[in-house]
Amino acid sequence: MATFGTLSDRLTETFRNLRTKGKLSPADVDGTVREIRRALLDADVALTVVKEFTAKVRERALGDEVSRALNPAQQVVQIVNEELVGILGGEQRRLQFAKNPPTVIMLAGLQGSGKTTFAGKLARQLEKDGHTPLLVAADLQRPNAVNQLQVVAERAGAAIYAPEPGNGVGDPVKVSRAGVEFAKQKQHDVVIIDTAGRLGVDAELMKQAADIRKATDPDEVLFVIDAMIGQDAVNTAKAFQDGVDFTGVVLSKLDGDARGGAALSVASVTGRPIIFASTGEGLEDLEPFHPDRMASRILDLGDILTLIEQAQQAFDEEEAAKVAEKFAKDQFTLEDFLEQMQQLKKMGSMKKMLGMLPGMGQMKQQLDDFDEREIDRTEAIIRSMTPGERQNTKLLNGSRRARIARGSGMTVTDVNQLVNRFEQAAKMMKTVARGGTPNIPGMGPVPGMGRPGGSSKRGKQAKKSGSRSGNPAKRAAENAGLAAPQQPTGSGFGLGGQKAPSEADLAEIQKLFGGGR
(Lines give C-alpha, C1' and ligand atoms only; values in the text may rest on other atoms or scores of the structure.)
Protein backbone atom coordinates (compact mmCIF):
# COMPACT_ATOMS: atom_id res chain seq x y z
CA MET A 1 0.00 0.00 0.00
CA ALA A 2 1.57 3.24 -1.20
CA THR A 3 0.94 5.31 1.92
CA PHE A 4 2.98 3.01 4.16
CA GLY A 5 5.64 2.26 1.54
CA THR A 6 8.57 4.02 3.22
CA LEU A 7 7.69 2.68 6.66
CA SER A 8 7.38 -0.83 5.25
CA ASP A 9 10.78 -0.57 3.55
CA ARG A 10 12.49 0.60 6.73
CA LEU A 11 10.96 -2.10 8.91
CA THR A 12 11.64 -4.96 6.50
CA GLU A 13 15.25 -3.81 6.12
CA THR A 14 15.63 -3.77 9.91
CA PHE A 15 14.29 -7.32 10.23
CA ARG A 16 16.41 -8.54 7.33
CA ASN A 17 19.50 -7.62 9.34
CA LEU A 18 18.28 -9.86 12.19
CA ARG A 19 18.08 -13.00 10.05
CA THR A 20 21.81 -13.64 10.20
CA LYS A 21 21.83 -13.79 14.00
CA GLY A 22 21.24 -17.16 15.63
CA LYS A 23 20.86 -15.61 19.04
CA LEU A 24 19.88 -12.05 19.95
CA SER A 25 21.80 -10.12 22.57
CA PRO A 26 20.32 -7.15 24.49
CA ALA A 27 22.43 -4.92 22.23
CA ASP A 28 20.82 -6.49 19.13
CA VAL A 29 17.36 -5.88 20.58
CA ASP A 30 18.18 -2.29 21.50
CA GLY A 31 19.56 -1.64 18.02
CA THR A 32 16.45 -3.09 16.39
CA VAL A 33 14.11 -1.11 18.65
CA ARG A 34 16.10 2.04 17.90
CA GLU A 35 15.67 1.51 14.14
CA ILE A 36 11.96 0.83 14.59
CA ARG A 37 11.63 4.06 16.61
CA ARG A 38 13.35 6.05 13.86
CA ALA A 39 11.21 4.48 11.15
CA LEU A 40 7.97 5.28 13.02
CA LEU A 41 9.00 8.87 13.77
CA ASP A 42 10.05 9.43 10.16
CA ALA A 43 6.62 8.15 9.13
CA ASP A 44 4.87 10.82 11.25
CA VAL A 45 3.61 8.48 13.95
CA ALA A 46 2.80 10.46 17.11
CA LEU A 47 5.63 10.54 19.67
CA THR A 48 3.46 9.18 22.51
CA VAL A 49 2.41 6.23 20.34
CA VAL A 50 6.02 5.55 19.31
CA LYS A 51 7.24 5.55 22.91
CA GLU A 52 4.51 3.19 24.07
CA PHE A 53 4.93 0.90 21.06
CA THR A 54 8.73 0.57 21.25
CA ALA A 55 8.63 0.09 25.03
CA LYS A 56 6.29 -2.89 24.63
CA VAL A 57 8.36 -4.37 21.80
CA ARG A 58 11.59 -4.01 23.78
CA GLU A 59 10.10 -5.55 26.91
CA ARG A 60 8.75 -8.56 25.04
CA ALA A 61 11.88 -8.93 22.87
CA LEU A 62 14.07 -9.15 25.97
CA GLY A 63 11.72 -11.64 27.61
CA ASP A 64 11.58 -15.42 27.62
CA GLU A 65 9.45 -15.73 24.50
CA VAL A 66 12.42 -14.60 22.37
CA SER A 67 15.33 -16.07 24.31
CA ARG A 68 13.75 -19.53 24.23
CA ALA A 69 12.57 -19.32 20.62
CA LEU A 70 14.16 -21.56 17.98
CA ASN A 71 14.25 -18.56 15.64
CA PRO A 72 14.64 -15.38 17.73
CA ALA A 73 14.59 -13.02 14.73
CA GLN A 74 11.30 -14.49 13.54
CA GLN A 75 9.88 -14.15 17.04
CA VAL A 76 10.79 -10.44 17.13
CA VAL A 77 8.95 -9.93 13.83
CA GLN A 78 5.94 -11.69 15.32
CA ILE A 79 6.05 -9.40 18.37
CA VAL A 80 6.21 -6.27 16.18
CA ASN A 81 3.33 -7.62 14.10
CA GLU A 82 1.17 -8.20 17.18
CA GLU A 83 1.95 -4.77 18.63
CA LEU A 84 1.17 -3.12 15.29
CA VAL A 85 -2.21 -4.86 15.30
CA GLY A 86 -2.71 -3.43 18.78
CA ILE A 87 -2.12 0.22 17.86
CA LEU A 88 -4.30 -0.21 14.77
CA GLY A 89 -7.22 -1.18 16.97
CA GLY A 90 -6.84 -4.88 17.72
CA GLU A 91 -9.91 -6.46 16.16
CA GLN A 92 -12.04 -5.48 13.19
CA ARG A 93 -15.15 -3.48 14.06
CA ARG A 94 -18.12 -3.49 11.71
CA LEU A 95 -20.88 -0.91 11.33
CA GLN A 96 -23.55 -1.14 14.03
CA PHE A 97 -27.06 -1.11 12.58
CA ALA A 98 -30.13 0.10 14.47
CA LYS A 99 -32.70 -2.45 15.65
CA ASN A 100 -35.43 -0.21 14.30
CA PRO A 101 -34.54 1.31 10.89
CA PRO A 102 -33.38 3.65 9.63
CA THR A 103 -29.77 3.42 10.78
CA VAL A 104 -28.37 6.96 10.82
CA ILE A 105 -24.71 7.41 9.89
CA MET A 106 -23.24 10.89 10.27
CA LEU A 107 -19.97 11.81 8.55
CA ALA A 108 -17.63 14.38 10.10
CA GLY A 109 -14.20 15.73 9.21
CA LEU A 110 -12.27 18.62 7.74
CA GLN A 111 -12.89 20.01 4.27
CA GLY A 112 -11.09 17.97 1.65
CA SER A 113 -10.82 14.84 3.79
CA GLY A 114 -12.98 12.86 1.36
CA LYS A 115 -16.36 12.77 3.17
CA THR A 116 -18.52 13.22 0.06
CA THR A 117 -16.66 10.60 -1.97
CA PHE A 118 -16.77 8.21 0.98
CA ALA A 119 -20.54 8.76 1.28
CA GLY A 120 -20.97 7.47 -2.27
CA LYS A 121 -18.61 4.52 -1.70
CA LEU A 122 -20.42 3.54 1.49
CA ALA A 123 -23.82 3.80 -0.22
CA ARG A 124 -22.56 1.57 -3.04
CA GLN A 125 -21.28 -1.04 -0.60
CA LEU A 126 -24.45 -0.99 1.49
CA GLU A 127 -26.59 -1.49 -1.61
CA LYS A 128 -24.52 -4.54 -2.51
CA ASP A 129 -25.29 -5.90 0.95
CA GLY A 130 -29.02 -5.50 0.37
CA HIS A 131 -29.62 -2.15 2.10
CA THR A 132 -31.47 0.88 0.71
CA PRO A 133 -29.32 3.88 1.69
CA LEU A 134 -30.32 7.53 1.41
CA LEU A 135 -27.70 10.27 1.07
CA VAL A 136 -28.56 13.56 2.81
CA ALA A 137 -26.86 16.73 1.54
CA ALA A 138 -26.20 18.65 4.76
CA ASP A 139 -23.02 20.37 3.57
CA LEU A 140 -24.61 23.67 2.60
CA GLN A 141 -21.51 25.80 2.98
CA ARG A 142 -18.84 24.57 0.55
CA PRO A 143 -19.42 25.77 -3.04
CA ASN A 144 -21.16 23.12 -5.17
CA ALA A 145 -21.01 20.56 -2.35
CA VAL A 146 -24.67 19.62 -2.96
CA ASN A 147 -24.05 19.21 -6.70
CA GLN A 148 -21.03 17.05 -6.00
CA LEU A 149 -23.04 14.75 -3.74
CA GLN A 150 -25.76 14.52 -6.40
CA VAL A 151 -23.18 13.41 -8.97
CA VAL A 152 -21.67 10.89 -6.55
CA ALA A 153 -25.13 9.55 -5.67
CA GLU A 154 -25.98 9.11 -9.35
CA ARG A 155 -22.72 7.21 -9.99
CA ALA A 156 -23.38 5.03 -6.95
CA GLY A 157 -27.01 4.45 -7.94
CA ALA A 158 -28.21 5.72 -4.55
CA ALA A 159 -31.14 7.93 -3.57
CA ILE A 160 -30.41 11.46 -2.35
CA TYR A 161 -32.29 14.03 -0.26
CA ALA A 162 -31.18 17.56 -1.20
CA PRO A 163 -33.96 20.15 -0.60
CA GLU A 164 -31.55 23.11 -0.38
CA PRO A 165 -29.19 24.37 -3.12
CA GLY A 166 -26.33 24.96 -0.69
CA ASN A 167 -23.59 27.52 -1.42
CA GLY A 168 -24.41 29.18 1.90
CA VAL A 169 -28.21 28.77 1.59
CA GLY A 170 -30.20 26.56 3.99
CA ASP A 171 -30.06 25.22 7.55
CA PRO A 172 -28.01 21.98 7.73
CA VAL A 173 -29.60 20.95 11.05
CA LYS A 174 -33.13 21.19 9.61
CA VAL A 175 -32.08 19.38 6.44
CA SER A 176 -30.52 16.55 8.46
CA ARG A 177 -33.59 16.13 10.67
CA ALA A 178 -35.92 16.27 7.65
CA GLY A 179 -33.73 13.76 5.82
CA VAL A 180 -34.21 11.16 8.56
CA GLU A 181 -37.98 11.68 8.44
CA PHE A 182 -37.93 11.40 4.64
CA ALA A 183 -36.06 8.09 4.94
CA LYS A 184 -38.73 6.74 7.30
CA GLN A 185 -41.50 7.71 4.87
CA LYS A 186 -39.74 6.20 1.84
CA GLN A 187 -38.56 3.15 3.80
CA HIS A 188 -34.83 3.65 3.41
CA ASP A 189 -33.09 1.54 6.04
CA VAL A 190 -29.84 3.59 6.16
CA VAL A 191 -29.33 7.37 6.17
CA ILE A 192 -25.88 8.80 5.40
CA ILE A 193 -25.55 12.48 6.37
CA ASP A 194 -22.79 14.37 4.56
CA THR A 195 -21.90 17.33 6.80
CA ALA A 196 -19.80 20.45 6.15
CA GLY A 197 -16.12 20.72 6.95
CA ARG A 198 -13.66 23.54 7.39
CA LEU A 199 -10.06 24.08 6.38
CA GLY A 200 -9.23 23.91 10.08
CA VAL A 201 -10.92 23.18 13.37
CA ASP A 202 -13.05 26.07 14.67
CA ALA A 203 -15.91 26.65 17.11
CA GLU A 204 -18.55 27.18 14.40
CA LEU A 205 -17.72 23.86 12.75
CA MET A 206 -17.93 21.98 16.04
CA LYS A 207 -21.20 23.63 17.06
CA GLN A 208 -22.87 22.80 13.74
CA ALA A 209 -21.69 19.17 13.87
CA ALA A 210 -22.79 18.84 17.51
CA ASP A 211 -26.24 20.31 16.67
CA ILE A 212 -26.69 17.84 13.78
CA ARG A 213 -25.74 14.98 16.07
CA LYS A 214 -28.22 16.13 18.72
CA ALA A 215 -31.01 16.57 16.13
CA THR A 216 -30.58 13.18 14.40
CA ASP A 217 -29.24 10.95 17.22
CA PRO A 218 -27.04 8.94 14.81
CA ASP A 219 -26.17 5.30 15.40
CA GLU A 220 -22.69 5.88 13.97
CA VAL A 221 -20.59 9.03 13.73
CA LEU A 222 -17.69 8.35 11.37
CA PHE A 223 -14.69 10.65 11.45
CA VAL A 224 -13.18 10.77 7.95
CA ILE A 225 -9.49 11.66 7.99
CA ASP A 226 -7.00 12.09 5.18
CA ALA A 227 -4.17 9.57 5.63
CA MET A 228 -1.79 12.12 4.08
CA ILE A 229 -2.50 14.88 6.63
CA GLY A 230 0.67 14.33 8.69
CA GLN A 231 1.19 15.00 12.39
CA ASP A 232 -1.84 17.30 12.55
CA ALA A 233 -4.05 14.19 12.24
CA VAL A 234 -3.77 13.52 15.97
CA ASN A 235 -4.72 17.09 16.98
CA THR A 236 -7.62 17.14 14.53
CA ALA A 237 -8.91 13.78 15.76
CA LYS A 238 -8.73 14.91 19.39
CA ALA A 239 -10.58 18.15 18.55
CA PHE A 240 -13.43 16.26 16.85
CA GLN A 241 -13.56 13.73 19.66
CA ASP A 242 -13.90 16.48 22.26
CA GLY A 243 -16.31 18.62 20.22
CA VAL A 244 -18.56 16.04 18.58
CA ASP A 245 -17.28 12.63 19.60
CA PHE A 246 -17.31 9.86 17.03
CA THR A 247 -17.78 6.11 17.08
CA GLY A 248 -15.36 5.13 14.33
CA VAL A 249 -12.67 6.35 11.94
CA VAL A 250 -12.41 6.20 8.14
CA LEU A 251 -8.95 6.49 6.56
CA SER A 252 -9.13 8.07 3.13
CA LYS A 253 -6.48 8.41 0.39
CA LEU A 254 -4.48 5.38 1.46
CA ASP A 255 -3.38 5.10 -2.16
CA GLY A 256 -1.34 8.30 -1.82
CA ASP A 257 2.42 8.51 -1.48
CA ALA A 258 2.56 10.29 1.89
CA ARG A 259 4.33 8.67 4.84
CA GLY A 260 0.97 7.88 6.42
CA GLY A 261 2.21 7.13 9.92
CA ALA A 262 -0.27 9.60 11.39
CA ALA A 263 -2.99 7.12 10.43
CA LEU A 264 -1.37 4.64 12.81
CA SER A 265 -1.77 7.14 15.65
CA VAL A 266 -5.49 7.92 15.38
CA ALA A 267 -6.92 4.66 16.71
CA SER A 268 -4.40 4.51 19.54
CA VAL A 269 -4.80 8.15 20.62
CA THR A 270 -8.61 8.36 20.38
CA GLY A 271 -9.47 4.82 21.40
CA ARG A 272 -11.92 4.65 18.49
CA PRO A 273 -11.66 1.84 15.91
CA ILE A 274 -10.84 2.32 12.25
CA ILE A 275 -13.81 0.86 10.36
CA PHE A 276 -13.07 1.59 6.69
CA ALA A 277 -10.05 2.34 4.49
CA SER A 278 -10.45 4.14 1.17
CA THR A 279 -7.81 2.94 -1.28
CA GLY A 280 -8.56 4.80 -4.51
CA GLU A 281 -10.77 7.19 -6.46
CA GLY A 282 -13.27 4.60 -7.73
CA LEU A 283 -16.52 3.83 -5.94
CA GLU A 284 -15.32 0.24 -5.51
CA ASP A 285 -12.12 1.30 -3.76
CA LEU A 286 -13.37 0.89 -0.19
CA GLU A 287 -12.28 -1.88 2.15
CA PRO A 288 -13.40 -2.87 5.64
CA PHE A 289 -10.42 -2.18 7.87
CA HIS A 290 -8.73 -5.26 9.33
CA PRO A 291 -5.95 -4.30 11.79
CA ASP A 292 -4.20 -7.66 11.42
CA ARG A 293 -4.20 -7.50 7.63
CA MET A 294 -2.99 -3.90 7.57
CA ALA A 295 -0.14 -4.82 9.93
CA SER A 296 0.81 -7.67 7.58
CA ARG A 297 0.89 -5.28 4.62
CA ILE A 298 3.09 -2.82 6.50
CA LEU A 299 5.52 -5.62 7.38
CA ASP A 300 5.45 -6.90 3.76
CA LEU A 301 3.87 -10.19 4.82
CA GLY A 302 1.08 -9.81 2.27
CA ASP A 303 -2.69 -9.81 2.57
CA ILE A 304 -3.83 -13.06 1.03
CA LEU A 305 -7.23 -13.08 2.78
CA THR A 306 -8.31 -9.77 1.21
CA LEU A 307 -7.07 -11.01 -2.17
CA ILE A 308 -9.17 -14.17 -1.82
CA GLU A 309 -12.25 -12.18 -0.80
CA GLN A 310 -11.91 -9.92 -3.83
CA ALA A 311 -11.54 -12.96 -6.08
CA GLN A 312 -14.65 -14.55 -4.59
CA GLN A 313 -16.64 -11.39 -5.30
CA ALA A 314 -15.41 -11.13 -8.89
CA PHE A 315 -15.53 -14.79 -9.97
CA ASP A 316 -18.65 -16.89 -10.33
CA GLU A 317 -18.26 -20.36 -8.77
CA GLU A 318 -20.35 -22.12 -11.41
CA GLU A 319 -18.39 -20.47 -14.21
CA ALA A 320 -15.12 -21.41 -12.49
CA ALA A 321 -16.25 -25.05 -12.33
CA LYS A 322 -17.12 -24.98 -16.04
CA VAL A 323 -13.74 -23.52 -16.90
CA ALA A 324 -11.97 -26.21 -14.84
CA GLU A 325 -13.91 -28.86 -16.73
CA LYS A 326 -12.94 -27.28 -20.05
CA PHE A 327 -9.29 -27.32 -19.01
CA ALA A 328 -9.49 -31.00 -18.18
CA LYS A 329 -11.17 -31.83 -21.52
CA ASP A 330 -8.82 -29.59 -23.53
CA GLN A 331 -11.75 -27.40 -24.61
CA PHE A 332 -10.52 -24.06 -23.19
CA THR A 333 -10.70 -21.40 -25.91
CA LEU A 334 -9.74 -17.77 -26.41
CA GLU A 335 -13.43 -16.96 -25.85
CA ASP A 336 -13.18 -18.47 -22.35
CA PHE A 337 -9.86 -16.68 -21.82
CA LEU A 338 -11.52 -13.35 -22.68
CA GLU A 339 -14.30 -13.99 -20.17
CA GLN A 340 -11.74 -14.84 -17.48
CA MET A 341 -9.84 -11.62 -18.19
CA GLN A 342 -13.03 -9.59 -17.89
CA GLN A 343 -13.74 -11.17 -14.50
CA LEU A 344 -10.15 -10.46 -13.47
CA LYS A 345 -10.60 -6.79 -14.35
CA LYS A 346 -13.57 -6.64 -11.98
CA MET A 347 -11.17 -7.28 -9.11
CA GLY A 348 -9.52 -3.92 -9.79
CA SER A 349 -5.91 -2.95 -10.29
CA MET A 350 -3.50 -5.81 -11.03
CA LYS A 351 -0.74 -3.83 -9.32
CA LYS A 352 -2.84 -3.56 -6.18
CA MET A 353 -3.57 -7.29 -6.23
CA LEU A 354 0.06 -8.23 -6.79
CA GLY A 355 1.01 -5.85 -3.99
CA MET A 356 -0.98 -8.03 -1.58
CA LEU A 357 1.37 -10.96 -2.16
CA PRO A 358 4.04 -11.60 0.48
CA GLY A 359 7.45 -10.13 -0.25
CA MET A 360 6.29 -7.77 -2.99
CA GLY A 361 7.79 -4.81 -1.13
CA GLN A 362 11.18 -6.10 -2.28
CA MET A 363 10.09 -5.89 -5.92
CA LYS A 364 8.72 -2.35 -6.10
CA GLN A 365 10.47 -1.49 -9.35
CA GLN A 366 9.12 -4.55 -11.15
CA LEU A 367 5.66 -3.82 -9.76
CA ASP A 368 5.83 -0.18 -10.89
CA ASP A 369 6.88 -1.32 -14.37
CA PHE A 370 3.92 -3.68 -14.66
CA ASP A 371 1.77 -2.23 -17.48
CA GLU A 372 -1.94 -2.84 -16.78
CA ARG A 373 -2.87 -1.63 -20.27
CA GLU A 374 -1.56 -4.91 -21.65
CA ILE A 375 -4.81 -6.53 -20.55
CA ASP A 376 -6.72 -4.05 -22.73
CA ARG A 377 -4.38 -4.72 -25.66
CA THR A 378 -4.86 -8.45 -25.26
CA GLU A 379 -8.62 -7.96 -25.14
CA ALA A 380 -8.48 -5.86 -28.34
CA ILE A 381 -6.64 -8.65 -30.19
CA ILE A 382 -9.13 -11.32 -29.12
CA ARG A 383 -12.14 -9.12 -29.97
CA SER A 384 -10.71 -8.62 -33.47
CA MET A 385 -11.05 -12.35 -34.12
CA THR A 386 -14.12 -14.08 -35.48
CA PRO A 387 -16.03 -16.48 -33.17
CA GLY A 388 -14.59 -19.40 -35.12
CA GLU A 389 -11.01 -18.15 -34.68
CA ARG A 390 -11.51 -17.75 -30.94
CA GLN A 391 -12.79 -21.32 -30.73
CA ASN A 392 -9.95 -22.81 -32.78
CA THR A 393 -6.58 -21.05 -32.97
CA LYS A 394 -5.42 -23.49 -35.68
CA LEU A 395 -7.49 -21.45 -38.15
CA LEU A 396 -5.17 -18.49 -37.67
CA ASN A 397 -3.06 -18.49 -40.84
CA GLY A 398 -0.87 -15.58 -41.94
CA SER A 399 -3.59 -13.52 -43.65
CA ARG A 400 -5.99 -13.90 -40.73
CA ARG A 401 -3.31 -12.81 -38.25
CA ALA A 402 -2.54 -9.75 -40.38
CA ARG A 403 -6.24 -8.83 -40.44
CA ILE A 404 -6.49 -9.25 -36.64
CA ALA A 405 -3.41 -7.08 -36.14
CA ARG A 406 -4.92 -4.29 -38.27
CA GLY A 407 -8.27 -4.54 -36.50
CA SER A 408 -6.75 -4.32 -33.03
CA GLY A 409 -4.13 -1.69 -33.83
CA MET A 410 -1.35 -4.12 -32.91
CA THR A 411 1.34 -5.92 -34.91
CA VAL A 412 1.37 -9.45 -36.30
CA THR A 413 4.16 -10.22 -33.83
CA ASP A 414 1.85 -9.21 -30.96
CA VAL A 415 -0.87 -11.53 -32.29
CA ASN A 416 1.62 -14.40 -32.67
CA GLN A 417 2.95 -13.91 -29.15
CA LEU A 418 -0.57 -13.89 -27.66
CA VAL A 419 -1.56 -17.09 -29.48
CA ASN A 420 1.66 -18.85 -28.44
CA ARG A 421 1.27 -17.79 -24.81
CA PHE A 422 -2.37 -18.83 -24.77
CA GLU A 423 -1.56 -22.28 -26.12
CA GLN A 424 1.23 -22.72 -23.57
CA ALA A 425 -1.02 -21.56 -20.71
CA ALA A 426 -3.90 -23.79 -21.82
CA LYS A 427 -1.56 -26.77 -21.99
CA MET A 428 -0.17 -26.02 -18.55
CA MET A 429 -3.64 -25.59 -16.98
CA LYS A 430 -4.80 -28.82 -18.62
CA THR A 431 -1.95 -30.59 -16.80
CA VAL A 432 -2.99 -28.99 -13.51
CA ALA A 433 -6.67 -29.86 -14.01
CA ARG A 434 -5.73 -33.52 -14.50
CA GLY A 435 -3.66 -33.57 -11.32
CA GLY A 436 -0.26 -33.28 -12.94
CA THR A 437 2.66 -30.95 -12.29
CA PRO A 438 2.97 -28.04 -14.74
CA ASN A 439 6.40 -27.27 -16.15
CA ILE A 440 6.95 -23.59 -16.93
CA PRO A 441 9.87 -23.08 -19.36
CA GLY A 442 12.79 -21.56 -17.50
CA MET A 443 11.15 -22.09 -14.08
CA GLY A 444 10.96 -25.85 -13.76
CA PRO A 445 8.08 -27.86 -12.26
CA VAL A 446 5.81 -25.83 -10.00
CA PRO A 447 6.29 -27.22 -6.46
CA GLY A 448 3.32 -28.56 -4.55
CA MET A 449 1.00 -28.91 -7.54
CA GLY A 450 1.37 -32.60 -8.32
CA ARG A 451 -0.70 -35.42 -6.96
CA PRO A 452 -0.34 -35.72 -3.19
CA GLY A 453 2.44 -38.11 -2.25
CA GLY A 454 2.82 -39.40 -5.78
CA SER A 455 5.54 -39.24 -8.41
CA SER A 456 5.13 -40.72 -11.87
CA LYS A 457 7.70 -42.79 -13.70
CA ARG A 458 7.36 -40.52 -16.68
CA GLY A 459 8.46 -37.58 -14.55
CA LYS A 460 11.53 -39.50 -13.35
CA GLN A 461 12.46 -40.52 -16.87
CA ALA A 462 12.05 -36.96 -18.10
CA LYS A 463 14.44 -35.74 -15.45
CA LYS A 464 17.07 -38.26 -16.54
CA SER A 465 16.78 -38.00 -20.28
CA GLY A 466 15.81 -34.34 -20.71
CA SER A 467 13.80 -32.94 -23.59
CA ARG A 468 13.64 -34.76 -26.94
CA SER A 469 12.07 -31.88 -28.86
CA GLY A 470 13.26 -31.42 -32.42
CA ASN A 471 13.33 -27.65 -31.96
CA PRO A 472 16.79 -26.76 -30.51
CA ALA A 473 15.53 -23.57 -28.81
CA LYS A 474 12.56 -25.35 -27.27
CA ARG A 475 14.75 -28.29 -26.20
CA ALA A 476 17.23 -25.93 -24.49
CA ALA A 477 14.43 -24.07 -22.71
CA GLU A 478 12.81 -27.27 -21.47
CA ASN A 479 16.11 -28.70 -20.27
CA ALA A 480 16.83 -25.44 -18.46
CA GLY A 481 13.42 -25.73 -16.86
CA LEU A 482 14.13 -29.26 -15.67
CA ALA A 483 17.46 -28.20 -14.22
CA ALA A 484 16.10 -25.09 -12.49
CA PRO A 485 16.34 -25.50 -8.70
CA GLN A 486 13.25 -24.99 -6.61
CA GLN A 487 13.28 -21.81 -4.58
CA PRO A 488 13.01 -22.20 -0.82
CA THR A 489 9.76 -21.14 0.74
CA GLY A 490 9.48 -18.47 3.41
CA SER A 491 8.95 -14.74 3.45
CA GLY A 492 11.67 -12.15 3.38
CA PHE A 493 12.53 -12.83 7.01
CA GLY A 494 11.11 -16.26 7.66
CA LEU A 495 7.65 -15.51 9.01
CA GLY A 496 4.58 -17.32 7.80
CA GLY A 497 6.27 -19.78 5.46
CA GLN A 498 4.90 -18.06 2.38
CA LYS A 499 6.90 -17.79 -0.84
CA ALA A 500 7.60 -14.35 -2.23
CA PRO A 501 6.95 -14.17 -5.99
CA SER A 502 10.12 -14.07 -8.05
CA GLU A 503 10.92 -11.80 -10.97
CA ALA A 504 10.25 -14.76 -13.24
CA ASP A 505 6.76 -15.14 -11.72
CA LEU A 506 5.96 -11.49 -12.44
CA ALA A 507 7.36 -11.84 -15.94
CA GLU A 508 5.11 -14.84 -16.61
CA ILE A 509 2.05 -12.92 -15.41
CA GLN A 510 2.98 -9.96 -17.59
CA LYS A 511 3.58 -12.24 -20.59
CA LEU A 512 0.24 -13.96 -20.13
CA PHE A 513 -1.55 -10.65 -20.63
CA GLY A 514 0.55 -9.53 -23.54
CA GLY A 515 3.42 -7.89 -21.73
CA GLY A 516 6.18 -9.36 -23.84
CA ARG A 517 6.48 -6.21 -25.90
Side-chain angles (χ1 to χ4, degrees), residues 323 326-345 350-351 354 366-367 369-434 436-446 462 466-484 501-517:
V323 168
K326 287 185 176 183
F327 274 132
K329 295 181 178 179
D330 201 14
Q331 296 175 349
F332 189 71
T333 67
L334 278 169
E335 190 78 55
D336 300 315
F337 181 55
L338 179 62
E339 291 178 7
Q340 291 297 299
M341 275 205 309
Q342 290 171 336
Q343 288 191 329
L344 188 65
K345 286 171 70 175
M350 280 292 293
K351 284 185 180 180
L354 289 172
Q366 293 89 335
L367 201 57
D369 292 342
F370 191 93
D371 189 355
E372 302 201 36
R373 292 174 299 176
E374 295 295 349
I375 296 180
D376 297 325
R377 297 182 184 117
T378 300
E379 188 173 340
I381 292 174
I382 298 176
R383 288 191 180 281
S384 298
M385 298 178 183
T386 65
E389 290 167 345
R390 295 179 197 174
Q391 295 291 328
N392 184 7
T393 55
K394 293 180 181 178
L395 297 176
L396 295 175
N397 56 25
S399 61
R400 287 175 182 256
R401 296 187 186 215
R403 188 204 76 239
I404 293 166
R406 289 194 301 271
S408 61
M410 307 296 284
T411 66
V412 174
T413 301
D414 295 325
V415 177
N416 292 340
Q417 288 177 345
L418 170 63
V419 173
N420 291 339
R421 281 190 296 272
F422 167 75
E423 291 176 347
Q424 288 175 4
K427 184 177 180 181
M428 183 178 69
M429 294 309 297
K430 176 185 174 183
T431 303
V432 174
R434 293 181 174 180
T437 303
N439 188 35
I440 301 175
M443 292 179 64
V446 179
S467 172
R468 297 183 179 179
S469 171
N471 185 324
K474 183 177 180 182
R475 183 169 66 247
E478 290 178 352
N479 287 336
L482 289 170
S502 66
E503 292 189 34
D505 295 333
L506 269 185
E508 287 298 325
I509 295 172
Q510 182 80 329
K511 286 178 183 177
L512 183 60
F513 294 111
R517 296 164 59 79

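Residue numbers start at 1 and run along the sequence shown.
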Between R401 and V419, is any pair of side-chain heavy atoms under 4.5 Å apart?
yes
How close do I404 and S384 get, counting heavy atoms only, and between which atoms?
O-CB, 3.7 Å
Starting at CD of E423, measure out to CG of L418 and round the result to the nearest 0.5 Å.
9.5 Å
Please report the interatomic distance OG1(T393) to CZ(F422), rounded to the nearest 0.5 Å.
6.5 Å
To the nearest 0.5 Å, how far apart are OG in S408 and CZ in R377?
11.5 Å
Side chains of T411 and D414: is there a donor and an acceptor less than 3.5 Å apart?
yes
Without swapping roles, check the side chain of R390 against the backbone of I382 for a donor-acceptor pair under 3.5 Å.
yes
Measuring only between side-chain heavy atoms, which start at C-beta, is L395 closer than 4.5 Å to T386?
no
Once side chain to side chain donor-acceptor pair (under 3.5 Å) is applied, do any residues pair with Q391, and if so which ones, sequence neighbours excluded?
none
Check whether any side-chain heavy atom of E389 lies under 4.5 Å from a side-chain heavy atom of R403, and answer yes or no.
yes
OG1 (T333) and CE (M385) are apart, to the nearest 0.5 Å, by 11.0 Å
